[in-house]
Amino acid sequence: MAMQYSRKVMEHFKSPKNMGEMKNPDAVGMVGNQRCGDVMKIYLMVGKKDGKDIIKDIKFQTYGCVSAIATTSVTTEMVKGKTLDEAYKLTRDDVAGKLGGLPPIKMHCSNLASEALQDAIDNYRKKTANNKNNEGE
Amino acid sequence: MAMQYSRKVMEHFKSPKNMGEMKNPDAVGMVGNQRCGDVMKIYLMVGKKDGKDIIKDIKFQTYGCVSAIATTSVTTEMVKGKTLDEAYKLTRDDVAGKLGGLPPIKMHCSNLASEALQDAIDNYRKKTANNKNNEGE
Amino acid sequence: MNRIYLDTAATTRVDPEVMKAMEPYFTRDFGNMASLHSAGRDAENAVEKARRLISGKVNGKEHRLVFTSGGTESNNFALKGIAFANMGKGKHIITTRIEHDCVLNSARWLEKQGFEVTYLPVDRQGFVSTDDFADAIRKDTILASVIHANNEIGTIEPIRELGKIAHEKGVLFHTDACQSFTKVPIDLKKDNIDLMTVNSHKIYGPKGVGGLFIRQGMRIDPLLHGGGQEFGYRSGTVNVSGIIGFSKAADMMKENHVEHMAKLRDMLIEGALEIKDSWLNGPSGNLRLANNAHITFKHIEGESLIIHLDLKGIASSTGSACSSKTLEPSHVLTSLGLRPEEAHGSVRFSVGRDNTKEEIEYTIGALRESVETLRKISPLR
Amino acid sequence: MNRIYLDTAATTRVDPEVMKAMEPYFTRDFGNMASLHSAGRDAENAVEKARRLISGKVNGKEHRLVFTSGGTESNNFALKGIAFANMGKGKHIITTRIEHDCVLNSARWLEKQGFEVTYLPVDRQGFVSTDDFADAIRKDTILASVIHANNEIGTIEPIRELGKIAHEKGVLFHTDACQSFTKVPIDLKKDNIDLMTVNSHKIYGPKGVGGLFIRQGMRIDPLLHGGGQEFGYRSGTVNVSGIIGFSKAADMMKENHVEHMAKLRDMLIEGALEIKDSWLNGPSGNLRLANNAHITFKHIEGESLIIHLDLKGIASSTGSACSSKTLEPSHVLTSLGLRPEEAHGSVRFSVGRDNTKEEIEYTIGALRESVETLRKISPLR
Ligand SMILES: Cc1ncc(COP(=O)(O)O)c(C=O)c1O
Ligand SMILES: Cc1ncc(COP(=O)(O)O)c(C=O)c1O
């Protein structure tokens, strides 16, 4: 059947926010694979606010269908300026909700942006933990 | 499917020739039965011409479908004035041919007029044979 | 000559408003619903609206309306689809002797594939007995299919009671509502219906469109396998314009149309029965379909009468053997107990919402004349 | 914005002349062909004329054209009808991996009913090998079904040779000609075809109409049982207006339309292949369907590209998994040997007789832009 995308989805597809590569990111997350038709990459620049780690800048690159592109775009918009802890809690449902819903079949296949973000945050924390450990030696 | 009757069939159906009962016929023939949907009755008045028995007058009554009515009507028309021997040779195909053809399914079920005529002639011959026999006594 | 059309039980013309509703979907919004681009999306929206509208007419909230190519496909789909999907549970099916040929011949084909079928008798007015029905249900019965309103004699069957009995014994219940849809109130839930067949060309919609209501969650094999359209139940590029026409047609049928038809029907029956040696087949009053008048004239052969009336500008129909390919009289009429010679002499008039009182008066006169003429040339008395 | 429709392989608009030809049969000559009265006879004459016209296009003298509700029904009918009618002779069927879903899913359903099916592979351009075909035939093979021109990649199969091999070994030969009918010359006799599927909505006729050519005297079970319409092969009230539209559409397709389409196709292919990391799927030249251009763009996901083009006013189609309900990439593309990620990035443009050179030029420009944009936001290189 024809895919019925919400107006919001189409807006993000037409003009994705925070699109492109980031030079020297603090961390990168990536999920999906090409065989399945969706690959999402998220670049993070982390800053401090009130002693907490926040997302100072975020960028994405996506290979995939309309909903894959729209979900990564809206995700970057939703978490920019948030603390890492807050951003980490973002779920697929939050993303889909913000977009005014997704076609059911797309809900679980091209809605991987929150996972890509978590992967990026995980990578950031691992890296900083390693750095700390290294510092501790 | 819709029955496709020729113009000729429809003409005979609309205004049957020689239709009705005959008072005091020389012979009567009847074929078909009501269960099957067709009953044809033929009345004969026999005369002499050049020493031969001819059909001086003929009438019919038919219960049945369009082709049953048309075939009896045309049959009476075809044999009026003919000798009994000639009339006896009339076949279903002759009748159907004269009508410009019949729908295939109707060819063998409601095309019994020639049989009704033969039945009438048989009855006439039986009757006159009996009369001769009686005369011989 | 203005023709008088009294064969709406066979098919109806497409209403001009239905035509107007369909037109854009032929030439403008013609997209394939399965397409991703916007032409396909427009078509899909229209079809889903049509689906809701038609479902709304029969309280179809628990059901899925699957669009098909007509009543015949829907009935084949219902019987064969349920049979093949549920043969693990049992191979017995119940139906009646007065179903439309598409139910009967589907059932007969299933018998060849190893299913068993019980064909329930009917009484003189065409009613199935609820007792017979209950008695026929066995442990291995998977489906019962009973026509809602009969297409020849107009008898409306007690489907609510039959459906209740079926459900009490765990049997799926299907009804063929091609004649009754929009003419007899239907509530899929209250009437205990699991599957229901409807079609478009009996209600001033286009030919080649129909539907099968299927209770959600039911196991049924598709009849048409393929691209997975119609929720996977019925594949094939969706006939968008046809469906839009069907729903417009369903929308246009109103209570007052039904009342109008019932009035003309009764007028016609009354006039026809004044001709001697004639009788009505099927019940009278509320248990008779609003548009159906079915009369037997003794010593008359139906085809001849039909054609006689046709020459007078009146379109009607007959159950006579002579009008059928098999040369057998209508199975519905013989199931009522009519003898073949009686079945031959029966005519169906089915009125429509466009017919007028004047047309019915003219028809009664023409009928009287034609019957007289044909009786005059008949050797039977 | 004037839209550019490049999805004629999915469906076409109804030509205004086709519409005009159909109109009287909706509202005036709407009779049921099975009726005795003259309304029914008029309808019948029109349908028989349509049957002769369409048959004449493919030298169908030894065949009977049976009208159906479309390509899906015809293919289901051919496979299941032959299977059930001939299972006494054998239960093996041959088909290919690149058939339309309605053939494949009919075959799979038959497997569940105890039939065995061989799905022949194809080469990188989509051709079935005649050797493979001959080798697959067994003593118990009853039917071989090979698509004439593939709906995704446009490959025209060597059906004349395949049909010859089938006939030498006493196997019935069916071909699905939904895409090729009126675009590729067909001679049912010379091409050794026993059964052939055609439909209307790919050639500017209405949706919901198709046909199956059946060689006379062949044993085949109906798929739709019922009132015995269409010589008993396909029951259901005949879709008169649809059939008239189908035949008008067939009549209107001319050699120069095919040439026009082939020219635009080649122009589009040439322009698209100038975009780097792209290739054509299926053959080029005479063995390719006149309206089909099927291109893969590396590192592009098809749905996104289709929608991008749609926003620019261009309707096209993709074999990407993301556009299908199963989330599997097109079985045709993977059968060619394309990897899933390659299948995702493929787009089908199917031109029509109304398209212009200017439209194709615009499309090539839009395509270049969209591919660039999508590659820019992609993390893949
Ligand atoms: C009761 C009934 N069932 C089924 C059908 C078949 O429907 P269709 O002609 O749409 O195939 C009809 C009418 O033709 C009918 O009256
Ligand atoms: C090759 C092929 N076969 C069968 C079909 C199915 O035909 P329909 O949509 O008329 O059911 C199509 C198109 O949809 C097709 O392209």
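Throughout, protein chains are lettered first and strands after them, A, B, ... in sequence-line order, and every chain is numbered starting at 1.
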Pick one of side chain, backbone, both or neither for D:Y204, based on which atoms fall under 4.5 Å of a heavy atom in chain C. neither
Best-contacting candidate, D:K112, D:H201, D:H100, against chain C by heavy atom pairs under 4.5 angstrom: D:H201
Taking side chain as everything from C-beta outward and backbone as N, CA, C, O, which of these in [X] sits under 4.5 Å from a heavy atom of chain D? Side chain, backbone, both or neither.
X	answer
C:L224	both
C:V238	backbone
C:F77	neither
C:R108	neither
C:T12	backbone

Begin from the C-alpha positions of C:E23 and D:E23 and carry the test side chain to side chain contact (heavy atoms under 4.5 Å, CB included) through to its verdict. CA-CA 10 Å; C:E23 259 160 13; D:E23 260 161 12; 3.1 Å; yes
What is the ring orientation for D:H225 with C:W109, classed by angle as parallel under 30°, tilted 30 to 60°, or perpendicular over 60°? tilted
Keeping D:N105 on the side-chain end and C:G226 on the backbone end, is there a donor-acceptor pair under 3.5 Å? yes
Side chain of D:K207, backbone of C:F30: donor and acceptor closer than 3.5 Å? yes
Are C:L223 and D:L223 close enough that some pair of their side-chain heavy atoms sits under 4.5 Å apart? yes
Look up atom [atom1] in [X] and atom [atom2] in [Y], then write down how far apart they are to the nearest 0.5 Å.
X	Y	atom1	atom2	result
D:M19	C:M22	CE	CE	6.5 Å
C:Q113	D:D221	CD	CG	7.0 Å
C:R234	D:E73	CZ	CD	7.0 Å
C:N239	D:S69	CG	OG	8.5 Å

Knowing that exactly one of D:N75, D:D101, D:T72 qualifies, which makes a side chain to side chain contact (heavy atoms under 4.5 Å, CB included) with C:S235? D:T72
